[in-house]
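Values reported hereafter were calculated over all heavy atoms of this structure, with side chains retained and with hydrogens, waters and symmetry mates removed. Everything quoted here is computed from the prediction, not taken from an experiment.
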Amino acid sequence: MNLTNKLKLFNDPIYGFISIPNTLIFDLIQHPYFQRLRRISQMGLSYLVYPGAHHTRFHHALGCMHLMQKAVETLKFKGVTISDDEETALYIAILLHDIGHGPFSHAMEHSIVENIHHEAISLRFMNALNTQFEGKLSLAIKIFKGEYHRKFMLELISSQLDMDRMDYLKRDSFYSGVAEGNINSDRLIQMLHVVDDTLAIEDKAIYSVEKFLMARRLMYWQAYLHKTSVVAEIILTKILKRAKALTQSGIFLECSAPLRYFLNHRISDDSFDLTILEQFALLDDYDIMGAIKAWQFADDFVLSRLCNMIINRDLLKIEITEGKPDKAQLKQLKSRLRETFPVNENETDYFVFKGKLINIAYNKESVPIRILKKDRSVEVLEEISEQSHVKAMSKAVTKYFMCYPKVLIG
């Protein structure tokens with residue numbers, strides 16, 4: 001076999017050429033489990049707000065691996081010992097960190113796959129791949145689970161200044177056109193260091209860290225928590241819940257075999273075995289959108305109406321407020337809904353509902369961002385930052401919303 005043929009390059013619009021570091025990584029990228037990520041959107045239905053936001057989780061995973069290569073190179077240059085096995089394990093762990101995302105992941109986690117998060121599914125995929133690759137992923141899994149003794153390695157994958165966040169902010173900013181989310185990942189990575197087995201960043205990069213946190217906060221308000229993105233995702237969640245309820249009551253709905261499997265079965269963390277994993281691996285955005293296209297003509301009014309909203313981008317009205325929505329107003333809207341649409345009282349929650357949005361850019365309760373000072377001492381970011389907005393960004397900002405059909409106020 002010609003092994004050199006596996007050392008390919010990907011041309012990425014953010015970083016330029018991304019190299020595959022070894023043949024094991026190539027084989028993992030080639031695996032159907034990973035190739036599926038080409039068919040999973042990174043930003044879900046955000047393209048309804050930002051038409052360019054059609055990039056995939058495949059893009060993102062490769063970008064994270066590229067940043068991890070830069071981080072390993074930087075740390076090695078600064079004298080941090082990282083063995084070849086550890087290096088490969090870091091690349092595998094960051095490459096596969098999002099492999100458990102389903103189509104429109106957060107909507108799925110609250111509808112047809114119940115109470116099981118994508119991180120848990122990612123771990124199941126890793127374990128399955130580890131069996132297929134004869135144990136070559138064991139160290140990567142150990143790092144991913146936080147069980148490896150060198151704790152800074154997990155921080156590179158999952159922390160408040162990890163490769164995952166660095167890539168998705170830069171990438172989502174690029175594809176959405178939300179310039180405020182752009183960050184200087186090169187600068188941040190060049191300033192990384194390891195002190196007492198934990199990740200730290202040199203103090204001369206403190207302003208870059210502050211800008212990173214501000215970019216994260218703005219991306220949440222302008223993209224991830226944009227009111228149109230929020231209402232579209234909730235409608236999608238309600239579509240899947242309705243489809244599952246109808247299917248389990250004996251009504252046949254046209255859809256792909258993998259999607260039908262999840263509509264027919266109640267899936268929980270305990271029951272999620274290898275058989276279910278194989279079904280999940282066959283599920284992607286096309287299954288969901290294909291079903292929604294078909295269901296817009298369903299006999300069920302609720303399902304049909306909700307699907308039409310997504311297909312034609314004629315969404316529910318969403319009002320964002322500082323205070324909690326008025327219960328009397330919600331009750332009045334539900335009453336008006338029953339007069340306007342052929343729905344019963346139990347079905348009003350599909351069209352009139354409330355909720356809240358929480359944005360916290362820097363979580364002081366989590367592992368803090370550590371700053372390495374010139375005297376080699378280490379302090380946490382919020383204690384030495386001159387900028388009061390770092391302290392402000394560590395406070396959760398909560399906003400409330402209410403959704404209802406526009407026709408009710410027409």
Side-chain angles (χ1 to χ4, degrees), residues 8 10 12 18 20-44 55-69 88-109 112-113 115-148 153-154 156-159 162-168 171-172 258-259 261-262 267 269 272-288:
K8 305 279 190 184
F10 288 98
D12 184 76
I18 293 177
I20 296 178
N22 59 52
T23 58
L24 175 57
I25 300 292
F26 176 90
D27 290 337
L28 287 169
I29 291 171
Q30 280 294 96
H31 195 281
Y33 288 169
F34 192 82
Q35 287 293 314
R36 167 184 155 275
L37 297 182
R38 291 183 184 271
R39 305 185 301 279
I40 304 285
S41 171
Q42 173 71 10
M43 289 182 71
H55 55 303
T56 66
R57 294 199 180 273
F58 184 88
H59 276 113
H60 168 57
L62 291 178
C64 290
M65 183 189 72
H66 174 74
L67 294 184
M68 185 66 84
Q69 287 173 280
T88 295
L90 283 169
Y91 298 153
I92 291 170
I94 196 67
L95 187 73
L96 303 181
H97 78 283
D98 268 353
I99 199 170
H101 271 291
F104 308 103
S105 182
H106 302 294
M108 276 199 70
E109 286 174 8
I112 59 174
V113 179
N115 302 318
I116 176 165
H117 295 289
H118 66 268
E119 293 94 342
I121 302 175
S122 291
L123 192 54
R124 283 170 168 80
F125 272 121
M126 287 187 199
N127 286 326
L129 286 166
N130 197 33
T131 301
Q132 293 180 36
F133 283 84
E134 299 174 338
K136 292 178 183 174
L137 281 69
S138 296
L139 182 54
I141 291 168
K142 205 170 180 183
I143 293 170
F144 184 80
K145 291 168 71 176
E147 295 173 354
Y148 194 54
M153 292 191 175
L154 175 61
L156 286 167
I157 296 157
S158 179
S159 66
D162 57 32
M163 302 307 108
D164 175 32
R165 291 184 183 188
M166 284 193 205
D167 181 81
Y168 78 62
R171 189 168 301 279
D172 294 352
L259 179 54
Y261 181 89
F262 286 93
I267 310 296
D269 196 4
F272 207 109
D273 59 15
L274 193 56
T275 301
I276 293 172
L277 188 71
E278 289 298 333
Q279 289 295 321
F280 189 86
L282 297 173
L283 205 57
D284 57 47
D285 286 11
Y286 300 116
D287 296 274
I288 306 298

Pairing donors with acceptors under 3.5 angstrom, does anything connect the side chains of [X] and [Y]?
X: N130; Y: S138; answer: yes
X: H59; Y: D167; answer: no
X: H55; Y: D172; answer: yes

Report task. Answer yes or no: is there a side-chain heavy-atom contact under 4.5 Å between F58 and Q35? Result -> yes

Query raised in the report: Is any side-chain heavy atom of R171 closer than 4.5 Å to a side-chain heavy atom of D12?
Result: yes

What's the shortest heavy-atom distance between [X] and [Y], and which atoms?
X: D285; Y: S41; value: OD2-N, 2.9 Å
X: S122; Y: I99; value: OG-N, 3.5 Å
X: A140; Y: A89; value: CB-O, 3.4 Å
X: L37; Y: D98; value: CD2-O, 4.1 Å
X: L95; Y: A61; value: O-CB, 3.5 Å
X: D162; Y: L156; value: CB-O, 3.4 Å

Spacing of [atom1] belonging to [X] relative to [atom2] belonging to [Y], to within rounding of 0.5 Å:
X: F26; Y: K8; atom1: CZ; atom2: NZ; result: 6.0 Å
X: I276; Y: E278; atom1: CD1; atom2: CD; result: 11.5 Å
X: R124; Y: L274; atom1: CZ; atom2: CG; result: 10.5 Å
X: I92; Y: I141; atom1: CD1; atom2: CD1; result: 9.0 Å
X: E147; Y: K142; atom1: CD; atom2: NZ; result: 7.5 Å

**Report entry** Residue pair D164, H97: steps toward the side chain to side chain donor-acceptor pair (under 3.5 Å) verdict
**Finding:** CA-CA 8 Å; D164 175 32; H97 78 283; 3.1 Å; yes

Query raised in the report: How would you list, by chain and number, every residue that makes a ring-ring contact (aromatic ring centres under 6.0 Å, His included) with F272, sequence neighbours excluded?
Result: F280

Report task. State which residue, out of F34, Y33, F144, fulfils the ring-ring contact (aromatic ring centres under 6.0 Å, His included) condition with F125. Result -> Y33

Query raised in the report: Does any N or O in the side chain of D287 come within less than 3.5 Å of the main-chain N or O of L259, such that one atom is a donor and the other an acceptor?
Result: no

Query raised in the report: Quick one: salt bridge (Lys or Arg N to Asp or Glu O under 4.0 Å) pairs with a partner in residues 23-40, sequence neighbours left out?
Result: K6-D27, R39-D284

**Report entry** Other residues, nucleotides, ligands: >12 heavy atoms within 6.0 Å of E134 CD
**Finding:** no

